[in-house]
Structures are given as structure tokens and as C-alpha cells.
Amino acid sequence: MTNAASLSTVPYRFSDGDMIYGSGGERWMRGLRHPDRWSTPGQGPTTHTDENIRAILSSSDDWQHCPSAPSVHQPLPGTACADRSTLTSLELRPAAGATLHINRLNTLQSFLGNESGVFRDSRPSLTSREVRVALLGTLARYRTAQISYQRSAGRVYARYAVGGSSIHTHIYVLTAP
């Protein structure tokens with residue numbers, strides 16, 4: 001059995017809009033002006049490929065990955081997973097697990113024009129089994145929850161409302177084996 005603490009936190013795939021942040025204030029964004037290319041905001045494209053970024057993330061704790069968050073005004077990207085049987089049969093391989101990124105949007109943020117919300121700092125690593133259990137739990141707890149799987153980006157999304165004033169989006173970024 002795999003221990004979640006020993007799992008890689010390096011994304012299996014990246015998506016345009018993803019960013020990485022360095023401890024020294026550096027940041028790069030994927031697809032800023034050029035699809036599938038990493039750029040430095042305000043400076044233009046770099047020579048970094050997804051493989052280079054993966055190597056940087058795996059070699060140092062000084063860099064953090066932040067996935068792009070879908071707008072709350074749009075449907076979740078990917079294929080809808082609306083019931084228990086779909087989630088149970090969801091094939092996440094070859095990913096070893098996922099990191100969970102939780103994004104919250106409340107009414108004040110929405111009023112001020114924020115359409116994607118704010119990420120929480122904690123990014124736990126989960127095994128594929130734990131991802132499936134969490135998604136099944138979300139579906140059981142929140143009847144109106146939306147869940148989707150975007151294979152091309154290596155992401156599973158779950159969105160639900162809490163108390164009618166806050167929208168939570170969980171982004172499970174599948175990690176490299």
C-alpha cells in the first residue's frame with residue numbers, strides 16, 4: 001500500500017493558466033501569451049518546457065505549483081462524473097495520486113469582481129484511492145455537487161456551494177508516478 005506522504009507532488013500534466021512560484025519571488029505562467037509555453041509575466045516566453053518545470057518542481061521545495069482555477073460562471077472542464085458508478089470506475093492511471101488544491105469564492109469576492117476565488121495554503125497529497133473516496137464523500141454530502149474529470153489536463157474537479165454564500169472548488173492535480 002502506498003503512503004500518501006511518499007507520493008510525488010509533481011503534476012503529471014500541466015494546463016495553460018498554471019503558475020509556479022519561487023521562494024525568491026519568481027513566477028512563471030503556462031500559456032500566458034503562447035499556448036503550451038511557460039512565460040514570465042511582463043517579459044515573454046521562456047525556453048522552459050513542461051519537462052523542465054517538472055524537473056524544477058521535483059528537485060526543490062523552493063517552488064510551488066498553482067493550478068489554473070475554472071471560473072465559477074462556467075461549467076467545470078472535462079467529462080461530468082455525476083454518479084457513484086462513474087466515480088467508482090474512474091481510471092486515473094498512470095498517475096500515482098494527486099495533490100488537492102482548494103479554492104473558495106464567497107459573495108464579497110464575487111461582488112468585487114473575482115471570478116475564480118482564492119486558494120487555501122494547504123496542499124495535501126492523496127493516493128488515487130483517497131481521491132476516489134473524497135469525491136464519493138463530496139457527492140454524498142452535497143447533493144448539488146458537480147464533479148468532472150479532464151484527462152488532457154490531468155485534473156479532477158469538484159464544486160459545491162456551502163450555505164448559499166460560498167462556492168468551493170476542489171482541484172485534484174494528478175501527480176507523476
Side-chain angles (χ1 to χ4, degrees), residues 4 6-81 90-106 109-128 131 146-159 167-177:
S6 67
L7 288 174
S8 168
T9 58
V10 178
Y12 175 60
R13 292 193 169 129
F14 293 102
S15 181
D16 285 348
D18 284 3
M19 294 190 82
I20 63 166
Y21 295 91
S23 60
E26 312 91 336
R27 73 182 168 141
W28 298 328
M29 182 175 188
R30 188 175 189 267
L32 183 63
R33 289 193 181 98
H34 306 280
D36 301 328
R37 295 195 49 204
W38 290 89
S39 301
T40 304
Q43 294 181 1
T46 66
T47 58
H48 294 298
T49 64
D50 287 352
E51 284 303 315
N52 295 131
I53 298 299
R54 213 172 271 110
I56 290 168
L57 289 171
S58 65
S59 67
S60 172
D61 289 336
D62 293 339
W63 291 89
Q64 291 288 334
H65 172 251
C66 183
S68 59
S71 168
V72 296
H73 301 294
Q74 301 291 325
L76 291 174
T79 304
C81 301
L90 192 62
E91 185 60 55
L92 301 176
R93 275 187 268 173
T99 54
L100 171 59
H101 299 263
I102 299 174
N103 186 290
R104 294 182 179 151
L105 178 67
N106 61 36
Q109 293 166 325
S110 181
F111 176 75
L112 296 174
N114 185 336
E115 293 185 2
S116 55
V118 177
F119 280 104
R120 259 184 34 190
D121 284 340
S122 175
R123 295 174 190 87
S125 295
L126 306 169
T127 64
S128 295
V131 169
Q146 302 168 8
I147 298 174
S148 71
Y149 176 43
Q150 187 180 24
R151 181 179 293 278
S152 63
R155 317 271 159 105
V156 180
Y157 301 93
R159 180 182 289 154
I167 296 175
H168 293 223
T169 304
H170 292 196
I171 304 170
Y172 297 87
V173 179
L174 301 180
T175 55

*Asks:* Less than 4.5 Å apart, any side-chain heavy atom of His170 and any of Ile147?
*Replies:*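 Side chain of His170 against side chain of Ile147, heavy atoms only: no contact under 4.5 Å found.
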*Asks:* If you look at every heavy atom in Ala98 and Val131, which pair is closest and at what distance?
*Replies:*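 Heavy atoms of Ala98 and Val131 come nearest at CB-CG2, 3.7 Å.
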*Asks:* What closest approach, in Å, do Pro45 and Arg37 show between heavy atoms, and which atom pair accounts for it?
*Replies:*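 Heavy atoms only, the tightest pair is CB-NH2, 3.4 Å.
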*Asks:* Should Gln150 and Tyr157 count as side-chain neighbours, where that means a heavy-atom distance under 4.5 Å?
*Replies:*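 Yes, side chains in contact.
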*Asks:* Strictly distance-based, threshold 3.5 Å: is any side-chain N or O of Ser59 a donor or acceptor partner for the main-chain N or O of Ala55?
*Replies:*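 Yes, Ser59 side chain to Ala55 backbone: donor-acceptor pair under 3.5 Å.
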*Asks:* Quick one, Asp18 and Ile53 - any side-chain contact, counting heavy atoms below 4.5 Å?
*Replies:*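 No, too far: nothing below the 4.5 Å cut-off.
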*Asks:* Are Arg155 and Ser68 packed together at the side-chain level, in the sense that at least one heavy-atom pair is separated by less than 4.5 angstrom?
*Replies:*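 Yes. Closest side-chain heavy atoms under 4.5 Å.
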*Asks:* Would His65 and Thr99 satisfy side-chain contact (heavy atoms from CB on, under 4.5 Å), going step by step from the backbone distance to the final call?
*Replies:* CA-CA 10 Å; His65 172 251; Thr99 54; 5.6 Å; no
*Asks:* side-chain contact (heavy atoms from CB on, under 4.5 Å) for Thr46 and Thr40? Distances and angles first, verdict last.
*Replies:* CA-CA 7 Å; Thr46 66; Thr40 304; 3.5 Å; yes
*Asks:* Do Asn52 and Thr49 pair up side chain to side chain, a donor and an acceptor below 3.5 Å, judged on atom types alone?
*Replies:*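 Their side chains do contain a donor-acceptor pair, which is all the 3.5 Å distance test asks for.
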*Asks:* Step by step, would you call Asn103 with His168 a side-chain hydrogen bond (donor to acceptor under 3.5 Å, both in side chains)?
*Replies:* CA-CA 6 Å; Asn103 186 290; His168 293 223; over 6 Å; no
*Asks:* On a heavy-atom basis, which atom in Met19 and which in Pro41 lie closest, and how many Å separate them?
*Replies:*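 Scanning both residues, the minimum pair turns out to be CE-CG, 4.3 Å.
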*Asks:* Which atom pair, heavy atoms only, marks the closest approach of Cys81 to Leu90?
*Replies:*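 In terms of heavy atoms, the two residues are closest at SG-CD1, 4.1 Å.
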*Asks:* Side chains of Trp28 and Trp63: does their closest heavy-atom pair fall under 4.5 Å?
*Replies:*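 When only atoms from C-beta onward are counted, Trp63 and Trp28 do touch, with a gap below 4.5 Å.
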*Asks:* List the steps and the verdict of ring pair (Phe, Tyr, Trp, His ring centres under 6.0 Å) for Trp38 and Phe14.
*Replies:* CA-CA 10 Å; Trp38 290 89; Phe14 293 102; 5.3 Å; yes
*Asks:* After noting the C-alpha distance and the side-chain angles of Thr175 and Tyr12, does the key distance pass the side-chain contact (heavy atoms from CB on, under 4.5 Å) rule?
*Replies:* CA-CA 5 Å; Thr175 55; Tyr12 175 60; 5.8 Å; no
*Asks:* So, taking the atom named CD in Gln146 and the one named CG in Leu76, what distance separates them when rounded to the nearest 0.5 Å?
*Replies:*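 If we round to the nearest 0.5 Å, Gln146:CD and Leu76:CG are 5.0 Å apart.
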*Asks:* I want to check something: taking the side chain as every heavy atom from C-beta on, are Ile171 and Val173 in contact at a cut-off of under 4.5 Å?
*Replies:*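 SC-SC contact between Ile171 and Val173 confirmed.
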*Asks:* Does Asp62 reach the side chain of Tyr21, with side-chain heavy atoms less than 4.5 Å apart?
*Replies:*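 The answer is no, as the side chains (C-beta and beyond) never meet within the 4.5 Å cut-off.
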*Asks:* Checking side-chain contact (heavy atoms from CB on, under 4.5 Å) for the pair Leu57/Gln64: CA distance, chi angles, key distance, verdict?
*Replies:* CA-CA 7 Å; Leu57 289 171; Gln64 291 288 334; over 6 Å; no
*Asks:* Give, for atom CZ of Arg93 and atom CG of Leu174, the distance between the pair rounded to the nearest 0.5 Å.
*Replies:*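 Result: 13.0 Å between the selected atoms.
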*Asks:* Taking Glu26 for its side chain and Gly24 for its backbone only, find out whether a donor-acceptor pair lies under 3.5 Å.
*Replies:*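 Side chain of Glu26 to backbone of Gly24, a donor-acceptor pair under 3.5 Å: yes, one is there.
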*Asks:* Locate the shortest heavy-atom distance separating Pro70 from Pro77; write the atom from each residue and the value.
*Replies:*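 That would be CB-CD, 3.9 Å.
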*Asks:* With a 4.5 Å heavy-atom cut-off, do Arg151 and Arg13 have their side chains touching?
*Replies:*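 Yes. Closest side-chain heavy atoms under 4.5 Å.
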*Asks:* For the residue pair Ala176 and Ala96, what are the closest heavy atoms and their distance?
*Replies:*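 Shortest heavy-atom separation between Ala176 and Ala96 comes out as O-CB, 3.8 Å.
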